[in-house]
Amino acid sequence: MHFPEPALIAMVGAAGSGKSTAAKAFPAGWRLELDALRAMAAGSPGEQSATPVAVAAFRMLLDARLERGLSVVVDSTNTETPVRLDLLRRARTFGVPTVAIVSRTPLDECLARQHDRPASKQVPPDAVTRQHAAVPTHEQLLAEGWDQVHDAACIDLLHLALQRAATAAADSDPLHEIRAAFGDDLTAAFTYTDANCEHGRFTIAGRDLELRYTGGEPYDRTWQARIGGTCDCGGDLWVPVGTPAELLAAYRDEPDDEAVCGRCDDVLFVG
Ligand SMILES: Nc1ncnc2c1ncn2[C@@H]1O[C@H](COP(=O)(O)OP(=O)(O)O)[C@@H](O)[C@H]1O
Ligand SMILES: [Mg+2]
């Protein structure tokens, strides 16, 4: 299975058929969902008074992404022909290939799943039944003009998500270890100070906390923070840090752990 990129990927299926679950195979930034836009506008995904603003935001974001050659996943029922034709028209305007992913979950399951949803996201049974009956066949979708048509149950979307995550983690975020250990907010204040990404510092408004990578044993924490004071040999002192709480303790010069001298490697007990 190979998806073009960029692509306009439209989920097609009745409410409760599993579209949003399948759409999670794609990055969050690609997904456009009216429920989410209604929730942003009005605090609740089912707030129908927010539909006009959600639709307007949806159209603007769809065109903005297509115009820039960015992929979009349209996570709505897309069971009505005019809605799909409009998507195809917009994709063609920007020269972006189109993919339909169809969820063909049996009607009784779609209906039963409504009960498991929060009241604000439940769709009335007659609407679900109408949507289910309107789901086009594979051949109809190809004839309509979709470049690729897939049945969600027949393609390995988990494989796709794992593949994408593995590639992204390996090459796009040199700060991913810092982020995983210390969180987004602190990572925003962190910069590496060497080309090998083994030294860096958290800096905010003239105050800083230095970090070094120790490449320690497996299961050991691999970062150390510099604390105040020096070893008898005159070297800097470092303590292991793996959590924000340990960073705080190091910054306050109150580490729980013993410190290591950066010059002679002696271990000193501090605190
Ligand atoms: N393949 C599946 N097997 C079992 N349950 C599923 C599957 N796909 C989705 N569900 C469940 O069905 C419910 C509706 O799925 P969702 O993706 O929100 O549907 P939609 O976005 O099409 O309305 C959710 O509770 C979800 O966990
Ligand atoms: Mg959904």
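Whatever order the structure lists ligands and atoms in, that order sets their numbers, starting from 1. Note that this is a predicted model, so its numbers are computed, not measured.
Take R201 and apply the salt bridge (charged side-chain N to carboxylate O under 4.0 Å, His left out) test, not counting sequence neighbours, and it matches D208.
At a threshold of 2.8 Å, the Mg ion (ligand 2) has a backbone or side-chain N, O or S atom of S20 nearer than that distance.
Between R212 and E198 there is no salt bridge, since none of the side-chain N atoms of the basic residue sits less than 4.0 Å from a carboxylate O of the acidic one. Ion pairing between a basic and an acidic side chain is recognised when a charged N comes within 4.0 Å of a carboxylate O; K19 and D75 show no such pairing.
Under 4.0 Å from any atom of ligand 1, one finds heavy atoms of residues A14, A15, G16, S17, G18, K19, S20, T21, R113, R117.
Checked against the 6.0 Å centroid criterion, the rings of F26 and F3 qualify as a close aromatic pair.
Note on residues 31-40: pairs passing side-chain hydrogen bond (donor to acceptor under 3.5 Å, both in side chains), not counting sequence neighbours, are S20-E33, D35-R38, R38-T51. Residue pairs meeting the side-chain hydrogen bond (donor to acceptor under 3.5 Å, both in side chains) criterion with at least one partner in residues 91-107, sequence neighbours excluded, are T98-D147.
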